[in-house]
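Accompanying notes for the structure given below.
First the proteins, then the strands, lettered A, B, ... as listed; each starts at 1. Only this structure's heavy atoms are used, side chains among them; waters, hydrogens and symmetry mates stay out.
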Amino acid sequence: MPEITFPEDLPVSGRREEIAKALTENQVIIVSGETGSGKTTQLPKICLQLGRGEKGLIGHTQPRRIAASSTAKRIAHELGTPLGEHVGYKVRFNDTLSKGAWVKLMTDGILLAETQTDPLLKAYDTIVIDEAHERSLNIDFLLGYLKQLLPRRPDLKVIITSATIDADRFARHFGTNEKPVPVIEVSGRLYKVEVRYRPIERDAVAIPTADPNKPVPKAVAAREKRDLMDGVVDAVDELCRIGSGDVLVFLPGEREIRDAAESLRKHHPPHVEILPLFARLSVEEQDRVFRTTNARRIVLATNVAETSLTVPGIRYVVDAGLARVKRYSYRNKVEQLQIEAVAQSAANQRAGRCGRVADGVCIRLYEEDDFNKRPKFTDPEILRSSLAAVILRMKSLHLTDVESFPFIEPPTPRAIADGYQLLQEVGAVDDNNELTPLGRKLARLPLDPRVGRMILAALDNACLTEMLIVASALSVQDPRDRPMEHQQAADEAHKKFADDKSEFLSFLKIWTWFEQAIEHKKSNRQLMDNCRANFLSQLRLREWRDVHSQLLTIVREQGWRLNEAPATYEQLHTALLTGLLGNIGFKDGEEPGAGYLGARGIRFHIWPGSYLVKKAGKWIMAAELVETTRLYARCVAQIQPEWIEKVGAHLLKKSYGEPRWEKRPAQVTAAEKATLHGLIIYSQRRIHYGPLNPREAREIFIRDALVGGDYDTRAPFFAHNRKLVKDIETLEHKSRRLDVLVDDQLIEAFYDQHIPQDIINGAGFEKWYKEASRDNPKLLYLVREELMRHEAAGVTTDMFPKAMSVTGIEMQLTYHFEPGSVRDGVTLAVPLFALNQVSAERAEWLVPGMLKEKVHLLLKSLPQKLRRHMVPLPDYAGKFMDRIHAKMAFGRGNLIDVLIADIREQTGIHVLTADFKMETLPAHHFMNFKVIDEHGRQLDMGRNLAALQAEFGRQARAQFQKMAEGTAPTGEGASGALSVPAAVALQAGAA
DNA sequence: TTGTGGTGT
């Protein structure tokens with residue numbers, strides 16, 4: 001062991017005895033202190049001095065890879081040993097540790113991953129969790145894990161380091177509220193920072209609308225932005241007046257950085273260097289921040305400069321107090337990335353960035369009161385994230401349930417339920433929230449569960465080769481660079497990777513391009529230039545390839561087959577869809593700004609920077625949906641709705657409407673509608689309804705097909721029953737009552753009784769009937785008596801004849817019962833040539849079955865003083881009928897005259913024709929005449945015979961003559977029933 | 001018409 005020394009100028013060095021003592025006496029201690037205290041580098045050395053690191057490693061975690069490797073290098077350097085020998089680091093894709101090492105720097109993600117293979121973390125005798133106050137998902141998970149582990153590893157020592165303000169929280173977490181674990185506070189070596197509050201001067205112009213439901217009008221948004229830029233410029237001015245020194249300005253995003261850069265450039269002399277700084281900047285652009293020059297530098301940064309990067313030499317800070325914060329919305333299941341006010345802890349961290357080399361000044365662009373009202377801490381990531389991945393990992397580690405896991409701040413039941421729901425959606429857990437075999441496979445993949453699901457689907461779809469490339473691309477940052485100053489050039493360069501239907505395919509094209517670039521490279525330098533010329537980040541390309549090769553290793557270990565034949569669009573995209581079912585969209589309008597309707601009623605738009613923004617089709621899926629100024633879909637591709645049906649079958653909710661009988665397929669169909677998370681995938685699809693609702697389908701089959709008659713069958717019962725019903729219906733019209741035929745329900749009941757329950761369609765019915773009718777041929781035959789109500793028995797052909805003979809010509813009679821209709825009553829079909837032969841007098845008698853009612857009404861129309869001699873009127877009418885029949889006098893003479901004579905005979909009363917009020921009788925008591933031509937076509941119809949004869953009389957006569965001349969000489973006059981001389985004679989007689 | 005920063009089986 002080399003000699004261990006401690007740099008005396010670090011605050012932590014002076015407290016090392018105290019720390020060592022606390023660690024000897026306690027299993028867990030908290031060390032709090034601000035940046036510059038030296039805790040990160042010195043703590044492992046204090047542990048070493050205590051003899052730790054011998055039985056097991058001193059594990060030391062950092063939130064970021066860079067920090068892990070640089071800390072390892074520094075400690076190794078301070079111990080005077082080569083990196084990797086006694087002090088090494090392990091991050092993803094890089095492990096420098098040799099066997100006999102004592103100190104292992106690593107990312108917290110690595111330690112978390114190791115719990116999978118080493119659940120008791122036996123490799124370690126001491127663990128330092130650094131920067132615990134950052135409260136990333138990994139850190140919160142580790143803190144819970146360690147809390148559970150401690151009783152089972154009494155020999156394990158744990159040090160948590162944190163910023164001063166939240167040390168207590170950790171102390172209570174590892175101890176109890178009453179007896180927290182010791183906190184050792186080490187001062188930071190920070191200079192004094194003076195904080196000035198310079199709230200933004202709001203423009204005096206009033207904001208026009210106060211409706212909270214309306215979006216902020218553009219003009220107002222623009223004014224607010226200008227106000228912010230004015231505030232930045234004024235603050236920078238104020239700081240520059242204080243003296244020399246570089247300025248760091250915290251802004252929420254790239255856009256604000258660009259605007260501020262523009263405002264400052266207009267305002268400041270050219271020798272001031274204005275440097276943007278955010279994570280997506282190319283390495284070269286970021287490097288400018290670390291090169292110092294003589295000019296004053298104004299660095300415009302996102303919160304990358306709050307924790308991840310330390311900009312050297314900063315004397316002044318301007319804090320807009322804003323940041324974009326990622327939050328997962330459980331309601332819509334989308335991520336939000338909106339600008340929020342930062343917490344006090346973040347504001348203080350920002351201010352601290354100017355106290356590292358000398359006293360500093362920080363200007364906050366908001367009120368002190370505003371600061372004091374802000375929350376103390378940024379919400380930990382676990383309260384802002386989808387928990388699906390966390391739950392999956394916990395399940396595969398066989399940890400206690402999420403519900404009871406000792407999180408520092410446990411997620412809400414609602415968030416947990418949401419996480420389970422997503423896992424169910426991808427099939428990782430079953431209905432009881434237990435891990436499925438598929439879930440176990442997913443847990444083995446170092447990917448978001450949804451991306452992991454795509455890989456498993458790709459295995460089944462024979463597109464794993466392509467999917468590995470796409471899936472790894474989706475889990476790293478986009479390799480495409482789009483520098484602020486060269487956006488158009490970048491877009492132009494990226495065009496060659498574009499595809500008209502899918503942005504996922506762009507990843508494959510970039511991949512191929514890079515493979516070829518590597519293959520044909522002349523030097524590393526040339527490759528780098530090539531990447532730069534194509535606006536691709538070599539760093540991110542490398543990361544992508546690293547993830548890809550890691551996945552490839554797992555795939556080979558599992559023995560999963562890589563396809564050699566190139567996958568089709570459908571193969572790849574249905575596999576992608578398996579993981580993206582929550583991110584589908586349907587364009588429900590043609591106007592340009594319409595956007596897409598998505599799951600759960602959300603509405604989103606394609607990211608404006610997308611190549612497909614104007615050409616994506618009706619149905620799309622998106623790799624991600626993030627709500628910024630609007631809900632935007634990034635990385636989209638066209639899909640077919642049929643794929644959703646196939647891939648999302650387990651999520652489709654189907655409903656059925658309008659069940660109805662269809663004659664041609666001889667089955668009951670219904671309109672099926674399918675929705676996925678409320679989004680209609682299809683509707684109005686006619687499907688066979690029988691299997692879904694056999695009872696209802698059978699009812700409809702009986703009602704509409706068998707009883708309604710909408711059915712094609714050769715089964716004899718059917719024609720028989722139909723005819724029977726039709727006959728009876730004809731009777732109904734004759735008797736002018738609709739209750740002759742029994743109700744349809746009774747006929748339905750008849751079929752219902754005889755047909756087995758499982759008959760739901762034509763095919764099933766025919767099969768059954770064929771068998772069943774063999775033994776019982778009259779099965780399903782309806783019987784006339786059963787179909788008729790007894791009261792209707794009086795309807796006979798004598799009473800309601802089918803035809804009437806007029807001068808030897810048979811004219812058809814039809815009956816219709818429909819009050820108000822022109823056809824109501826009885827209609828006589830009169831051939832044109834015989835029109836003049838029809839006698840109005842005879843027509844007054846109608847048919848025997850209708851006369852009694854007519855007579856009754858005629859009597860009723862008489863004045864009271866006359867009709868009282870005939871009461872009761874119905875009886876008189878009935879007896880009148882009897883007398884007519886007895887005399888065989890039906891149809892003979894004028895009806896009214898005959899009736900007048902009868903009354904006189906029976907009562908001695910003198911009634912005149914004018915006493916009858918004919919106009920009070922309903923229309924159906926007068927014969928309806930239908931004039932037809934020789935082809936049976938109707939020429940006219942009406943009850944006024946005289947009017948018809950006046951109109952058609954001439955034509956009728958001409959046709960009558962023609963027939964008489966044409967037939968008489970050839971001796972064919974007897975054809976039909978026509979006898980011309982007799983007809984002529986009768987006509988004369990009638991006139 | 002435009003997205004903060006990290007991490008890994």
Ignoring the backbone of A:E381, work out which of B:dT2, B:dG8, B:dG5 is nearest its side chain. B:dG5
Within this structure, what is the CZ-to-P distance between A:R384 and B:dT4, rounded to whole angstrom? 15 Å
Determine the sole option in A:N94, A:T107, A:T96, A:D95 for which the side chain to side chain donor-acceptor pair (under 3.5 Å) test with A:Y89 is passed. A:N94
Round to the nearest Å and state the distance from A:R480 atom CZ to B:dT2 atom C1'. 15 Å
Nearest-Å distance for atom pair CZ/P, residues A:R324 and B:dG5: 11 Å
State which of B:dT4, B:dG6, B:dG8 makes the closest approach to the side chain of A:E254. B:dT4
Mind checking A:E624 for me? I need base, sugar-phosphate or nothing, with any heavy atom below 4.0 Å counting as a touch. base
Would you mind telling me which residue lines up with the more 5' stretch of DNA chain B, A:G253 or A:S475, judged by nearest nucleotide? A:G253
Using a cut-off of 4.0 Å on non-hydrogen atoms, how would the nucleic acid contact of A:R440 be classed: base, sugar-phosphate, or nothing? nothing
Tell me which nucleotide among B:dT1, B:dG6, B:dT4 gets nearest to the side chain of A:K614. B:dT1
For the student: nearest non-hydrogen atoms of A:Y420 and A:N433, plus distance: CD2-CG, 3.3 Å
Kindly determine whether A:Y366 and A:D319 satisfy side chain to side chain donor-acceptor pair (under 3.5 Å), including the steps that lead there. CA-CA 9 Å; A:Y366 43 96; A:D319 177 17; 3.0 Å; yes
In whole angstroms, how far is the P atom of B:dT7 from the CG atom of A:L137? 14 Å
Would you say the side chain of A:R393 and the base of B:dT9 hold a donor-acceptor pair, judged only by whether the two atoms sit under 3.5 Å apart? yes
Rounded off to whole Å, could you give me the CG-to-P distance for the A:L612 and B:dT1 pair? 18 Å
Need one value for A:R92: base, sugar-phosphate or nothing, where a base atom within 4.0 Å counts as base even if backbone is also close, heavy atoms only. base
Of B:dG5, B:dT2, B:dG8, the nucleotide closest to the side chain of A:T302 is B:dG5
For A:S136, report the nucleic acid contact type (base, sugar-phosphate, nothing); a contact means any heavy atom under 4.0 Å. nothing
Measure from the side chain of A:P608, starting at C-beta and using heavy atoms only, and say which of B:dG5, B:dG8, B:dT1 lies closest. B:dT1
Minimum-distance nucleotide to A:V304 side chain [options: B:dG6, B:dT9, B:dT4]: B:dG6
Of A:R327, A:R135, A:K326, A:R384, which is the lone residue that meets salt bridge (charged side-chain N to carboxylate O under 4.0 Å, His left out) with A:D379? A:R327
Should A:L387 and A:Y328 count as side-chain neighbours, where that means a heavy-atom distance under 4.5 Å? no
Given atom CZ of A:R350 and atom P of B:dG5, what is their separation to the nearest angstrom? 12 Å
What nucleotide among B:dT4, B:dT9, B:dT7 has an atom nearest to a side-chain atom of A:N138? B:dT7
Checking contacts here: which listed nucleotide (B:dT2, B:dG5, B:dG8) is nearest the side-chain heavy atoms of A:S308? B:dG5
What's the CD1-P distance between A:I554 and B:dT9, to the nearest Å? 8 Å
Please tell me which of A:Q550 and A:A323 maps to the more 5' nucleotide of DNA chain B, matching each residue to the nucleotide holding its nearest heavy atom. A:A323
Whole-Å distance separating the CD1 atom of A:I382 from the C1' atom of B:dT7: 14 Å
Below 4.0 Å: OP1/OP2 of B:dG6 and any side-chain N or O of A:T307: no
Working note: A:D481 + A:S537, criterion side chain to side chain donor-acceptor pair (under 3.5 Å); need CA distance, chi angles, decisive distance, verdict. CA-CA 6 Å; A:D481 264 333; A:S537 158; 4.7 Å; no
